[in-house]
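Report on the structure given below.
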Amino acid sequence: MHRRILAPGALAAASLLLAIPASAASHSPGAPGIGDPYYPYYGNGGYDVSHYDLRLQYQPATDELSGTATILARTTQDLSSFDLDFLLDVSEVRVNGAKAAFTTSGQHELVVTPASPLDEGTPVTVVVRYSGVPSTKSAYGFSTWHRTPDGAVAADEPESAWWWYPSNDHPLDKATYDVSVAVPDGTQVISNGLLQSSSSQRGWTRYNWRQNKPQATYLTTLAVGRFDITTSTSEGGVPVVNAYSKDLGDNDGAARASVERTGELVDWLSGYFGPYPFSSAGGYVPNTTTGYALETQTRVYYSPKQFANGSNTSVVVHELAHQWYGDDVSLKGWKDIWLNEGFARYAQWLWSEHEGEGTTQELADYVYASHPADDAFWTVKPGDPGPDDQFDIAVYDRGALAVQALRNAVGDDAFFRILKGWPKEHAYGNASVADFEGYAEKVSGKSLSGLFDAWLFEPTKPAAAALRTAGAPVQPRSWKKIEATNDVH
């Protein structure tokens, strides 16, 4: 609290009036975007979130969602107002206990004006009361809220939070979470981390989930429906929670035969990437019509279509690899997507080698030979593909080629030290492709700028020398399984 000594007289009153606008002038609105050139209005400026507490109620029959989000943050500038990314209908906002003014702007901006300006470095508690029908909301012409026969799912990339909670929606602002959702008895709620408790009262059951490690907003997931939930512990001691919609039909067996191997695969990946970084692992398969999978932190989202042709552990390997490459270490900007997808794809290649279905080198040779020099595949730059090509197949396959080229350049000893050391170097934080290049050079003792430029940034087919290709490669046995995961994130 700032105290002023008031003296009688017009001069003192005038001085006080002059002081108010001078103070207010130092405060300005937070930016409506965090500064990502791919998505200028994703995320927000002026504050950093440390924790989200979401206490919600959801009615599957009508798709009505209501509740309260409590956001703990700290200002990073003198703020007169700030934005949250959100689409539902807001009834009240409070900032540090006092009612705040609010309005909407643009496609998904909730603009909050506190009763008093906020100084830089101020701890802030924002409470947002809201309600709405998420399936009726869209931004930029799309929705990431997926209805199911018995509920709904929030899982998408690079955005999905807007449809169910207000946030600073960019991977640069990671936070911990408490997600508490009440649903009608007989319906269940799946989210990230570990289930802390559940209780029933007056026909409603409330589920309380906690994610105790920093998590990007797009990696937060919510699934409501009727599930068969399995629990186990991996040989390495990681709790595993999986869930399957009770109406998966013919895909049920293949889904379980794949996802139930999560504990085994987490332990196997730990041998390459280091200790598993979170309190639990697992996945869920809701009855959706989507075709992709997504590395939602600790609780991977899989669509039934991933298993339409039978079991596929390769997709499980891909999404679990993201728990280290993408979730533990998240990208600084969306242009750094290679750090997520190139390494998750390479994990699939490592699994192929483990299963005796094609070595990483054989897969690299096959991919390289499959795309002639004039193929548009080579015009996509995995190190900065642009927003339109962010999830192009070249980011995955050319991205994995770059990883194999790095391995060949530095040798296996340095390569596997890089692979395991990187998640530890930036644990629970963010990093860029440039950061990775610097780390790889530090560990290997080699200059790698030419290699990274050729494989990640040049819109042309690199020379084959870095891959040691020889002759016409044969399609590895694992290729069809890997190719079947081309729609995953």
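Since this is a predicted model, take the numbers as computed values, not measurements.
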Regarding E159 and Y140, is there a side-chain donor-to-acceptor distance under 3.5 Å anywhere? no

Quick one: closest heavy-atom pair of A321 and F273, and the distance? CB-CE1, 3.8 Å

By ring-ring contact (aromatic ring centres under 6.0 Å, His included), which residues pair with Y130, not counting sequence neighbours? F86

Option from W268, Y272, W349 for which ring pair (Phe, Tyr, Trp, His ring centres under 6.0 Å) with H354 holds: W268

Electrostatic pair K332:D435 at N-O distance under 4.0 angstrom: yes

Quick check: do F142 and D156 have side-chain heavy atoms less than 4.5 Å from each other? no

When you check the side-chain N and O atoms of S197 and R206, is any donor under 3.5 Å from an acceptor? no

Residues S280 and R299: side-chain donor-acceptor under 3.5 angstrom: yes

Distance-only side-chain donor-acceptor flag, E260 / N242, under 3.5 Å: yes

Are R345 and N486 packed together at the side-chain level, in the sense that at least one heavy-atom pair is separated by less than 4.5 angstrom? yes

Within the 4.5 Å heavy-atom criterion, are S303 and Y292 side-chain neighbours or not? no

Can you find a side-chain donor-acceptor pair between S180 and N208 that sits under 3.5 Å? yes

Tell me whether S258 contacts the main-chain N or O of A254 through its side chain, where contact means a donor paired with an acceptor under 3.5 Å. yes

What's the verdict on ring-ring contact (aromatic ring centres under 6.0 Å, His included) for H108 and Y41, showing C-alpha distance, side-chain angles and the deciding distance? CA-CA 8 Å; H108 57 90; Y41 294 103; 7.5 Å; no

Between T205 and D185, is there a side-chain donor-acceptor contact under 3.5 Å, judged purely by atom types and distance? yes

What pair of heavy atoms forms the shortest contact from T296 to Q323, and how long is it? O-NE2, 4.0 Å

Side chains of N408 and Q361: do they bring a donor and an acceptor to under 3.5 Å? yes

SB check D228 R256 (cutoff 4.0 Å): yes

Can a side-chain donor-acceptor contact be found between S66 and Q57 if the only test is distance below 3.5 angstrom? no

Please name the residue in the list Y42, W145, Y218 that meets the ring pair (Phe, Tyr, Trp, His ring centres under 6.0 Å) test with W162. Y42

When you compare the side chain of Q475 with that of K480, does any pair of heavy atoms fall below 4.5 Å? yes

A side-chain contact here means heavy atoms from C-beta on lying under 4.5 Å apart; do N192 and V179 qualify? no

Stepwise, does the ring-ring contact (aromatic ring centres under 6.0 Å, His included) test hold for F415 with Y346? CA-CA 13 Å; F415 175 76; Y346 195 76; 5.8 Å; yes

NZ/NE/NH1/NH2 to OD/OE distance under 4.0 Å, E425 and K442: yes

ring-ring contact (aromatic ring centres under 6.0 Å, His included) partners for Y366, two or more places apart: W479

With Y177, the side-chain hydrogen bond (donor to acceptor under 3.5 Å, both in side chains) member among Y165, W209, Y52: Y165

Is there a side-chain contact between P385 and W338, using heavy atoms and a 4.5 Å cut-off? no

When you measure from the centre of the six-membered ring of Y428, is the NZ or CZ of K213 under 6.0 Å away and within 45° of the axis? yes

